[in-house]
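We use all heavy atoms of the structure for the numbers below, so side chains are in, but hydrogens, waters and symmetry mates are not.
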Amino acid sequence: MSSNADKFLAAAADFPEDALADQRVYEHPLVQRYATKEMSFIWSPAMKFTTWRKLWTALATAEQELGIEITDEQLEEMRTHLFDINFDLAAKKEAEFRHDVMGHVHAFGDVVPKAMPIIHLGATSCYVGDNTDIVQIRESLVLVKRKLVQVLSILKEFAVKYRDLPTLGFTHYQPAQLTTVGKRCCLWMQELMLDYERVCIEIEKLPMRGVKGTTGTQATFLELFDGDHEKVKKLNTRVCELMGFEKSIAVSGQTYTRKIDYNVLSVLSGIAQSAYKMCGDIRLLANLKEVEEPFAKTQIGSSAMAYKRNPMRSERVCSLARYVMGLPNGAANTAANQWFERTLDDSAIRRIILPEGFLATDVILTLLANIADGLHVWPEVVRSHVMAELPFMATEVILMECVKAGGDRQELHEAIRVHSMDAGAVVKGEGKPNDLMERVAKDAIFAAVHDKLDTLVDPKLFVGRAPEQVDEFVTDEIDPILAENKDLLEQQSLDTVNV
């Protein structure tokens, strides 16, 4: 009897040779369905290998400035052909040498024959590999920062609009004291603000690997400069300057410490956590029919249940966020398992988790902006839920008012306790509206408040300083961030796939 695997292989063999020929290769959903062109470009072969060439050109430029015999003609040839990449030749050479860097050295040399003798002079593979990773990480963090600022800007408008709309607060997902819709939004914003601060720190502190040599000792460069330590130090500094970095990592083995990857992915995990929290709340509020994410006019919620308005954007955020939150574990294990000056077991996993971490975070932030921009509140539903619980919350106010009017606190407390229990039994046992206020209105012991019961159960009396907290949070925390990044708010994404 053939196995399931045998049956599959037989089916694959029977597949017509020319059928769906252009659809037989796996397509990464982060690229094909979700991520913007901007983030996809940062991690593209075009970005990676042109950066390799820029690094080779920067190295040669700095070496010439420090006295190595490299001509202006060679440098000009390199600068002219930064983007002239023959990927087929590079692949052919890589297959021949079993080495990707040497494959691209020869592909570059093919279009810059005069400069070929000095390409990669004194360098090791990690010179282009690791430094390019750092460049891509920095560019990605800058894009993430921009999108965080844009999300905060959109959420600010929502928070201000609903600063004083009372809504049920929940603890343990059970009704608690009232808050406001705008104040709850500030909770989401605060978490994203903390993520923004972490991103800014990473951008500011991110170092290049620099020019360190095969095991980080700079021995080949010391030989190149005839033992001149100062020139080797200046070479490292100058290359960093040419690549737009103020500093390099102080010491390294062959690679920069993989702790940097862990730190960066931890920041992305933090963004994912914040996004998951926000969208989890929106999903719960959608079930309560209080708040809904955008829903297109022709959008279908369910192929079977035509009435459904599923929070699919928020669900997608949570799905992708769950993936991003798991990535730091892979980076932690990679950092911990770098033996001595390096091992190559870091390579394959980093090719996956670094770009995918940023691609997924890019999608998450794009979706958050889209959701926040079209977030719809149903005030009457919000109010109905508030009024179903507010009579219970108002009992203490009623009690105090009656005591002020001369009533006996203990008698009043017992009376309102009995009424509360009976009203709760009606709500839970019979499914009827909360009639506690009607019971109080009919009981002579509460006569002192009968003429002002409506004002005593005004929801706005029970939100504390929530509206003022919104104003203060926006003014003190969010507005300075938006003012500092006014230029970023004016930038628009190139496109978004399948929002």
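By the 4.5 Å heavy-atom criterion applied to side chains, Ser347 and Leu344 are counted as neighbours. Proximity of Asp195 to Leu192: side-chain heavy atoms (C-beta onward) are separated by under 4.5 Å at one or more points. Met39 has its side chain within reach of Thr36: a pair of non-hydrogen atoms, C-beta onward, lies under 4.5 Å apart. The side-chain heavy atoms of Leu453 and Phe446, taken from C-beta on, include no pair separated by under 4.5 Å. Two residues are said to be in side-chain contact when any heavy atoms from C-beta on lie closer than 4.5 Å; Met393 and Leu168 meet this criterion. The side-chain heavy atoms of Leu461 and Leu456, taken from C-beta on, include no pair separated by under 4.5 Å. For the pair Glu139 and Met47, the minimum side-chain heavy-atom distance is below 4.5 Å. Between Glu356 and Leu30, the closest side-chain pair of non-hydrogen atoms falls below 4.5 Å.
More than 12 heavy atoms of other shown residues, nucleotides or ligands fall within 6.0 angstrom of atom CZ in Arg409. More than 12 heavy atoms of other residues, nucleotides or ligands lie within 6.0 Å of CD in Glu341, so this atom counts as buried by the packing criterion. The local environment of CD in Glu380 is sparse, with at most 12 non-hydrogen atoms from other residues, nucleotides or ligands closer than 6.0 Å. More than 12 heavy atoms of other residues, nucleotides or ligands shown are found within 6.0 angstrom of CD on Glu197. Counting heavy atoms of neighbouring residues, nucleotides and ligands inside a 6.0 Å radius, atom CZ of Phe49 exceeds 12 of them. Heavy atoms from other residues, nucleotides or ligands lying under 6.0 Å from CZ of Phe340 number 12 at most. No more than 12 heavy-atom neighbours from other residues, nucleotides or ligands sit within 6.0 angstrom of CZ on Arg383.
Scanning both residues, Thr395 and Ser420, for their nearest heavy atoms gives CG2-OG, 3.8 Å. The minimum heavy-atom distance between Leu152 and Met189, with the atom names listed, is CD2-O, 3.6 Å. Shown here for Ala388 and Asn434, the closest heavy-atom pair between the two residues is O-ND2, 3.0 Å. Of all heavy-atom pairs between Cys402 and Leu412, the closest is CB-CD1, 3.5 Å. Residues Ile364 and Ala272 come closest through the heavy atom pair CD1-CB, 4.4 Å. Across every non-hydrogen atom of Val386 and Thr167, the tightest pair is CG2-CA, 3.7 Å.
Side-chain atoms of Ser40 do not come within 3.5 Å of backbone N or O of Lys37 as any donor-acceptor pair. When atom types are taken as modelled, the side chain of Ser252 and the backbone of Gln254 share no donor-acceptor pair closer than 3.5 angstrom. Side-chain atoms of Thr132 never come within 3.5 Å of backbone atoms of Gly129 as a donor-acceptor pair (strictly under, hydrogens ignored). Between the side chain of Thr361 and the backbone N or O of Phe358, no donor-acceptor pair lies under 3.5 Å. With hydrogens and angles disregarded, a donor-acceptor distance shorter than 3.5 Å links the side chain of Thr180 to the backbone of Arg163. At least one donor-acceptor pair under 3.5 Å links the side chain of Thr50 to the backbone N or O of Ala46. Looking at Asp443, its side chain does come within 3.5 Å of a backbone N or O of Ile445 through a donor-acceptor pair. Judged by distance alone, the side chain of Lys247 and the main-chain N or O of Leu206 form no donor-acceptor pair under 3.5 Å. The backbone N or O of Glu438 sits nowhere less than 3.5 Å from a side-chain atom of Asp435 that would complete a donor-acceptor pair. Not a single donor-acceptor pair under 3.5 Å links the side chain of His172 to the backbone N or O of Gln174.
Partner of Arg258 under the side-chain hydrogen bond (donor to acceptor under 3.5 Å, both in side chains) criterion, chosen from Asp346, Asn333, Asn263: Asp346. Screening Asp345, Thr255, Asp133 for a side-chain hydrogen bond (donor to acceptor under 3.5 Å, both in side chains) involving Arg350 leaves a single residue, Asp133.
With rounding to the nearest 0.5 angstrom, the CZ atom of Arg322 is 7.0 Å from the SG atom of Cys318. Taken from CG in Leu354 to CG in Leu265, the straight-line distance is 5.5 Å, to the nearest 0.5 Å. Atoms CG and CD1, on Asp362 and Ile42 in that order, are 8.0 Å from each other to the nearest 0.5 Å. Rounding to the nearest 0.5 Å places CZ of Arg316 at 11.0 Å from OG1 of Thr366. Here Glu396 contributes atom CD and Leu399 contributes atom CG; the two are 5.5 Å apart, rounded to the nearest 0.5 Å. Between atom CZ of residue Arg417 and atom CE of residue Met421 there is a gap of 7.0 Å, rounded to the nearest 0.5 Å.
Remark: the Asn236 side chain and the Ser248 side chain contain an N/O donor-acceptor pair separated by less than 3.5 Å. Judged by distance alone, the side chains of His376 and Glu293 never bring a donor and an acceptor atom under 3.5 Å apart. Counting only N and O atoms by type, the side chains of Tyr127 and Arg209 include no donor and acceptor under 3.5 Å apart. Checking Tyr256 against Asp261 by side-chain atom types alone, a donor-acceptor pair falls below 3.5 Å. With hydrogens and angles left out, the side-chain atoms of Ser319 and Glu315 include no donor and acceptor closer than 3.5 Å.
With respect to Arg138 and Glu202, no salt bridge is recorded, no charged nitrogen being found less than 4.0 Å from a carboxylate O. Salt-bridge check for Arg313 with Glu292: failed, with every basic side-chain N at 4.0 Å or more from each acidic carboxylate O. Contact check on Arg465 versus Glu472 returns a salt bridge, with a Lys/Arg side-chain nitrogen under 4.0 Å from an Asp/Glu carboxylate oxygen.
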Item checked: Test log, rule side-chain contact (heavy atoms from CB on, under 4.5 Å), inputs Ile137 and Ser140 -> CA-CA 5 Å; Ile137 287 171; Ser140 297; 5.7 Å; no

Item checked: Pair Lys48-Gln136, side-chain contact (heavy atoms from CB on, under 4.5 Å): steps then yes or no -> CA-CA 8 Å; Lys48 176 178 179 177; Gln136 290 173 302; 4.0 Å; yes

Next item on the list: For Leu488 and Lys147, run side-chain contact (heavy atoms from CB on, under 4.5 Å): C-alpha distance rounded to whole Å, both residues' side-chain angles, the deciding distance at 0.1 Å, then the answer.
Entry: CA-CA 8 Å; Leu488 296 184; Lys147 294 198 170 188; over 6 Å; no

Notebook entry, point to check: Can Glu401 and Lys452 be said to form a salt bridge (charged side-chain N to carboxylate O under 4.0 Å, His left out), step by step?
Noted result: CA-CA 10 Å; Glu401 288 296 315; Lys452 53 182 177 181; 3.1 Å; yes

Next item on the list: Show your working on side-chain contact (heavy atoms from CB on, under 4.5 Å) between Gln469 and Cys186 and close with a plain yes or no.
Entry: CA-CA 9 Å; Gln469 286 181 345; Cys186 288; over 6 Å; no

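In this structure, Arg198 forms no cation-pi arrangement with Tyr196, as its terminal cationic atom is not both closer than 6.0 Å to the ring centre and no more than 45° off the ring axis.
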